[in-house]
Every structure is written in C-alpha cells, then in structure tokens.
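Worksheet: the structure to be examined is printed underneath.
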Amino acid sequence: LELVEDRIELYGSENKFDTMQEQESYIRDWLRKEANMAEEADPIDGLRILFYPARYHSGMNSIFAMGDIICALRNQTDNNLSDAVCILEEPEHLNWYRAPGEGWTKVFNYVVGVVHTNYIEYASTQFHGLWTAPAIQVMSSAMIRAYCHKVIKLSGVLQTYAPEKEVVENVHGVREDFIKEGRRRATKSSERPPSSPSLNDEAEGQVYFIGKILWAKGFDNLLELEDFYHECTGKYFSIDIYGGGPDQEEIKRAFHGRRNGNQTKAHDKKIEIEDLQSSWEFLAKKYELLKSSSLEFELPKSFHELRKKPIPANFRGPVDHALLGKYGVFVNPSVSEVLCTTTFEALAMGKFVIIPVHESNKFFLKFPNCLGYRNKWEFAASLRWALTHEPEPLTQELAKSFTWEAATDRLIKSSAITRREATQRAMLGTARLDERIAFFHRELGKGTKGDALRKFLGGGPISDQVKYEMAKQGMDQDGSDDEGLSRKFHSSSLVRAIKSSFSGFVLQDANLYAVSP
C-alpha cells in the first residue's frame with residue numbers, strides 16, 4: 001500500500017510499515033513464529049516476496065493494484081517470466097481495474113487462477129445489487145477467460161466462469177496449531193476408559209461459533225434452530241459466540257430479548273456510575289443511561305428481539321480460534337461462504353462440526369466428525385448426538401489432509417489440463433475468444449477514456465491507472481485520449497459510443513509466482 005493513510009486504516013498505527021522491507025520482515029517473522037514455517041521464512045533460501053504498488057478502496061473494502069503488476073514483477077526479478085508458472089489468487093479481483101498492459105497468459109508460460117470469494121453474493125446484499133451483481137458476474141467471467149489457462153474454484157457455490165477451464169477443489173490447509181490440538185484430543189481419547197454414552201451426561205458449555213457477527217452468517221437460522229431445539233427438549237442449548245461485526249448489538253438483542261438486553265446494559269452502567277467521583281462524570285453517565293433506556297421505544301430490527309425468555313448465548317469478542325480447544329462442538333449455520341475456514345480448523349482440532357448440507361460445505365461432509373443436517377429435525381438430532389458422544393480421534397491419515405502439504409498436492413493435481421480437457425478446448429475453439437476478450441479489455445482501459453470508464457464503474461481511488469503510469473514515467477497525460485488505440489478499434493462504433501457517453505469526463509528454479517490482491 002503506497003499511501004500511509006491506507007496502511008494505518010488496514011494495519012493500525014503500530015504496523016504502518018514505512019518501508020517494504022519492514023513489511024517483509026513482519027511477514028517472515030509471522031511465518032517463522034506463528035505459522036511454524038521456518039524454512040519458508042528464510043530470506044535467502046525461502047520464499048521470495050515481491051511487492052506491487054496498491055491502494056485501498058474503502059467502498060469495496062478491498063486492495064487494488066496501481067499500475068502494471070507484470071511490469072512491477074519484471075523490475076524485481078531477473079527470471080524469464082515466459083518459463084514461469086503464475087498462480088493468481090482471485091484473478092477476477094486482480095484484473096477488474098488493472099492498468100492496460102500485457103496479458104498474463106502472454107507473459108507467463110502457464111497461469112492458474114484460484115477463486116475463493118463470492119462477489120455476486122456480496123453485491124446482492126447491497127441496495128444496488130439488482131444491477132451490480134449481473135455486471136460483476138459478466139466481468140468476472142471475462143477476466144478469468146482472458147487471463148487464466150485453468151481456474152480452481154474452492155467450492156461449487158461460485159458462478160460458472162469458463163466451463164472448459166474449471167475444476168472444484170479445496171486447495172487450502174490449516175495451521176499446525178489446529179492439527180496439534182486434534183492430536184492432543186486423540187491421545188486423551190485413547191487414554192480414557194470406554195464408557196457407553198448416556199443421554200443424562202450431556203455436557204454444558206461445549207457449543208460455540210466463531211466468525212464475523214453478521215446476519216449474513218446465518219444467525220437468523222441459528223435463532224430458529226434454538227427455538228426448535230427448545231420445543232423438542234424444553235430448553236435452549238448454550239452457545240458461546242466469538243467474533244465481532246457491525247450487526248453485533250442487533251444479534252445480541254435477538255438472542256437475549258430486547259428487555260433483557262437493556263436491563264443488562266442499564267445494570268452495567270449503574271455499577272460504573274456508583275464508582276465515579278466527579279459529579280460532572282456522574283451526570284454524563286446518567287445521560288448515557290437514559291439514552292440506552294430509550295432503545296425500548298425503537299422499532300425492533302427482528303421479531304426475535306421480542307422474546308421474553310433469553311437464549312443462553314455469550315458474546316465473547318474476537319479471539320484466535322486455535323485457543324478454543326476446550327470446546328467439543330462447533331456449530332456453523334452459514335451458507336454464505338465459498339469455503340468456511342473455521343469449519344476446516346474445527347475439524348482439524350478433532351471436534352464435532354454441525355453444518356448445513358450445502359454446496360459450500362461439500363468438502364467437509366466426508367469427515368467422520370462432520371454432522372450435516374438438511375432440516376431442523378436433523379440439526380436437533382445431530383446436536384444431541386454430539387453433546388452425548390465423543391468425536392472420533394484424529395488419525396494420521398486424516399491429520400495429513402488438513403496440512404498445507406496436502407493442499408499443495410491438491411493444487412498441483414487440479415491445476416493440470418488433462419488430454420480430454422485439451423481435446424474439448426480444441427473442439428470448442430475458445431482460445432481465440434479468450435484472446436479477443438483480453439485485447440478488448442486492454443483497449444478499453446487505455447488513455448484518459450479508460451480512466452473515465454474505470455471511474456464510472458466504481459474504481460474510485462484506483463481509477464486513474466493511465467494517469468498514474470504516465471506520472472511515474474514523467475509524461476504529461478494531456479492529449480493522450482486515444483493513446484494506444486489501434487485505428488480500426490478507435491473508429492469502431494463501440495468506441496464512438498463510449499466517447500460520447502464520457503465526453504463530460506475531463507521462485508528461482510521453480511519459477512513459480514503467486515499474485516494476490
């Protein structure tokens with residue numbers, strides 16, 4: 001990130017990284033201490049980290065490149081990129097607003113895209129999603145067709161980009177800390193004498209959720225499951241909820257009830273007031289207390305807030321998932337993710353995981369401790385089973401499937417193009433189509449009209465790609481409206497229409513590169 005304000009907003013003032021060397025040292029230190037990857041962290045024999053200039057787009061909560069990424073890579077390496085393999089993490093994201101330049105497939109010998117974000121789902125939740133979601137779908141498909149030889153989708157919940165290029169595979173792993181916890185549980189289980197499970201030995205305080213506190217994460221479904229479990233058993237199941245998010249207060253009130261939530265807040269504030277010595281502070285706190293009590297007169301955000309009996313849910317704030325080894329049951333009702341990392345981590349820790357049977361969870365359902373459900377009855381039965389039984393111990397074979405080594409094997413296997421796929425592509429003749437899309441995208445992005453188009457499409461702080469490149473080269477952009485456009489393309493009806501619309505807008509041996517936004 002080039003701008004100091006962007007680094008402070010994302011990393012905090014304590015990690016604003018005045019130089020790229022500082023940030024690289026921080027990354028290598030994290031790899032060494034937290035990820036237990038000492039060999040990869042070595043600056044000489046380990047990973048080679050290259051940076052490209054970027055800006056933060058607060059409206060999209062995303063980082064986008066400034067300038068030509070490929071040119072930035074070339075300036076930092078002596079390797080011949082034409083012999084290299086390039087892995088693009090989120091290839092659609094990397095190319096939406098890219099500066100005009102050579103295409104990835106023209107520069108690198110082989111390009112693999114890894115897609116793991118459902119941007120259409122995110123767009124659909126916004127007020128403008130009616131028109132932005134279809135646009136993102138078309139643009140994402142075009143970017144992947146133009147710049148990737150093969151694309152790996154982490155789950156089938158993602159859109160179709162290029163059918164002849166796609167494969168669905170989980171190419172992620174988890175930290176060693178989670179696998180160690182799974183092995184610890186397995187050892188403890190082997191030392192425990194066998195005992196027959198009983199419905200009377202249900203353990204309390206064993207159920208938890210960790211993730212962003214957003215309604216989109218399935219909390220409305222979790223509330224309904226709580227109510228159904230209460231109907232079946234006569235009581236709610238206790239759950240500890242870890243994480244934070246903008247919907248936290250609303251979701252708290254939905255679990256605890258409006259009246260109970262406000263009484264708790266008022267009680268906490270009264271205790272604080274009793275401890276105050278200053279009369280002015282007392283009056284200020286009293287005013288805040290009155291303001292909080294006015295919540296009772298606001299319209300509820302959901303009908304769950306009107307409940308009279310609170311659900312025993314404890315909101316415990318953000319925490320490292322690896323520190324939650326004491327729990328035995330992880331409940332995750334969300335179906336908005338592409339592939340939920342916390343679910344994978346909980347399975348690696350040897351816990352029961354209760355999740356919906358859904359395309360985004362398909363990879364996890366094969367594990368013995370994964371209890372999938374299709375309806376409320378199946379959820380209640382799965383939870384009751386999990387609370388009265390011990391998870392199956394983590395075997396060596398299962399433990400290996402969670403490692404990054406196994407993830408790398410899956411990546412290599414799924415990146416290959418089989419003979420059958422190559423024959424299919426040749427019959428379809430899509431290679432020329434992909435080249436035309438790349439050419440079209442590059443031509444649209446050139447000159448001041450390209451910057452104007454990016455601005456119109458929501459580029460914001462990363463719209464002026466051409467202006468940025470020319471400023472770096474010490475060139476003046478004035479009069480460069482048609483720079484780089486071929487005469488044939490420049491005279492086309494499409495370019496004329498766009499102009500009229502915007503007339504008012506003044507690894508060394510391995511040679512493997514992984515590019516991530």
Side-chain angles (χ1 to χ4, degrees), residues 31 34-40 87 112 114 116 152-157 167-197 206-208 210 320-332 337-373 378 382-383 385-416 418 512:
L31 285 171
E34 301 296 332
N36 194 28
M37 300 173 70
E39 292 183 9
E40 291 81 355
I87 300 175
V112 179
V114 179
H116 55 74
I152 302 170
K153 303 193 298 187
L154 291 195
S155 79
V157 75
V167 65
V168 176
E169 184 59 88
N170 176 17
V171 294
H172 283 186
V174 302
R175 279 165 34 205
E176 183 66 22
D177 294 344
F178 298 103
I179 301 173
K180 285 181 179 178
E181 172 61 21
R183 289 174 177 146
R184 184 195 68 80
R185 283 173 169 268
T187 302
K188 186 177 179 181
S189 176
S190 63
E191 295 173 351
R192 186 184 300 112
S195 59
S196 58
Q206 284 295 299
V207 183
Y208 77 106
I210 183 169
D320 185 351
H321 193 184
L323 301 177
L324 303 181
K326 64 179 181 178
Y327 296 94
V329 183
F330 175 68
V331 172
N332 185 8
E337 282 93 358
V338 174
L339 188 87
C340 187
T341 304
T342 53
T343 298
F344 204 26
E345 292 168 350
L347 286 169
M349 296 169 83
K351 301 177 180 182
F352 279 122
V353 166
I354 304 178
I355 53 177
V357 176
H358 184 261
E359 190 66 35
S360 61
N361 292 325
K362 191 173 181 180
F363 178 83
F364 306 128
L365 296 174
K366 64 185 179 182
F367 293 97
N369 290 329
C370 183
L371 308 179
Y373 65 90
E378 291 185 4
S382 296
L383 180 60
W385 172 272
L387 291 173
T388 55
H389 291 75
E390 288 291 332
E392 288 194 26
L394 188 69
T395 63
Q396 289 292 337
E397 183 179 356
L398 280 177
K400 184 180 178 181
S401 63
F402 296 107
T403 64
W404 278 103
E405 288 80 5
T408 303
D409 291 339
R410 294 193 294 267
L411 172 65
I412 294 171
K413 183 178 179 181
S414 54
S415 296
T418 64
L512 175 66

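Given the structure is predicted, the values throughout are model-derived calculations rather than measurements.
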Residue pair Ser189 / Pro393: nearest heavy atoms and the distance that separates them: OG-CG, 3.8 Å
Check: Asn361 and Asn332 side chains under 4.5 Å, non-hydrogen atoms: no
Check: Gly328 main-chain N/O paired with Gln206 side-chain donor or acceptor under 3.5 Å: yes
Side-chain donor or acceptor of Thr187 paired with backbone N/O of Arg183 under 3.5 Å: yes
From CD (Glu337) to OG1 (Thr342), nearest 0.5 Å: 6.5 Å
Straight-line distance of Leu371 CG to His389 NE2, nearest 0.5 Å: 10.5 Å
Audit row: Phe352, Phe330, ring-ring contact (aromatic ring centres under 6.0 Å, His included) steps and yes/no: CA-CA 6 Å; Phe352 279 122; Phe330 175 68; over 10 Å; no
Residues which pass salt bridge (Lys or Arg N to Asp or Glu O under 4.0 Å) with Glu392, listed by chain and number, not counting sequence neighbours: none
Least distance between heavy atoms, Val167 atom then Ser414 atom: CG1-O, 3.5 Å
Atom pair CD/OG of Glu169 and Ser415 - distance to nearest 0.5 Å: 10.0 Å
Smallest separation among heavy atoms of Leu383 and Ile354, with atom names: CA-CD1, 3.5 Å
Show me the side-chain donor-acceptor pairs of residues 394-402 shorter than 3.5 Å, one per line, residues at least two apart or across chains.
unit_1 : atom_1 : unit_2 : atom_2 : d
Thr395 : OG1    : Leu398 : N      : 3.2
Ser401 : OG     : Leu398 : O      : 2.5

Derivation and outcome, ring-ring contact (aromatic ring centres under 6.0 Å, His included), residues His321 and Phe344: CA-CA 11 Å; His321 193 184; Phe344 204 26; over 10 Å; no
Salt bridge (Lys or Arg N to Asp or Glu O under 4.0 Å) contacts touching residues 342-370 (sequence neighbours left out): none
Value rounded to 0.5 Å, distance of CG in Leu154 from OG1 in Thr341: 8.5 Å
Gap separating the CG atom of Asn170 from the CG atom of Leu411, nearest 0.5 angstrom: 11.0 Å
By side-chain contact (heavy atoms from CB on, under 4.5 Å) - contacts of Ala406 (at least two apart): Thr403, Arg410
Trp404 to Val174 - nearest heavy-atom pair and separation: CD1-O, 3.5 Å
Partners passing salt bridge (Lys or Arg N to Asp or Glu O under 4.0 Å) against Asp320 (at least two apart in sequence or in another chain): Arg175
Point-to-point distance, once rounded to the nearest 0.5 Å, from CD of Glu181 to CG of Leu323: 10.0 Å
Minimum-distance pair of heavy atoms, taken over all atoms of Gly156 and Val168: N-CG1, 3.7 Å
With Ile412 via side-chain contact (heavy atoms from CB on, under 4.5 Å) - residues at least two apart: Thr408
Val353 side chain reached by Phe364 side chain, heavy atoms, under 4.5 Å: no
Over all atoms of both residues, closest heavy-atom pair of Ile355 and Cys370: CD1-SG, 3.5 Å
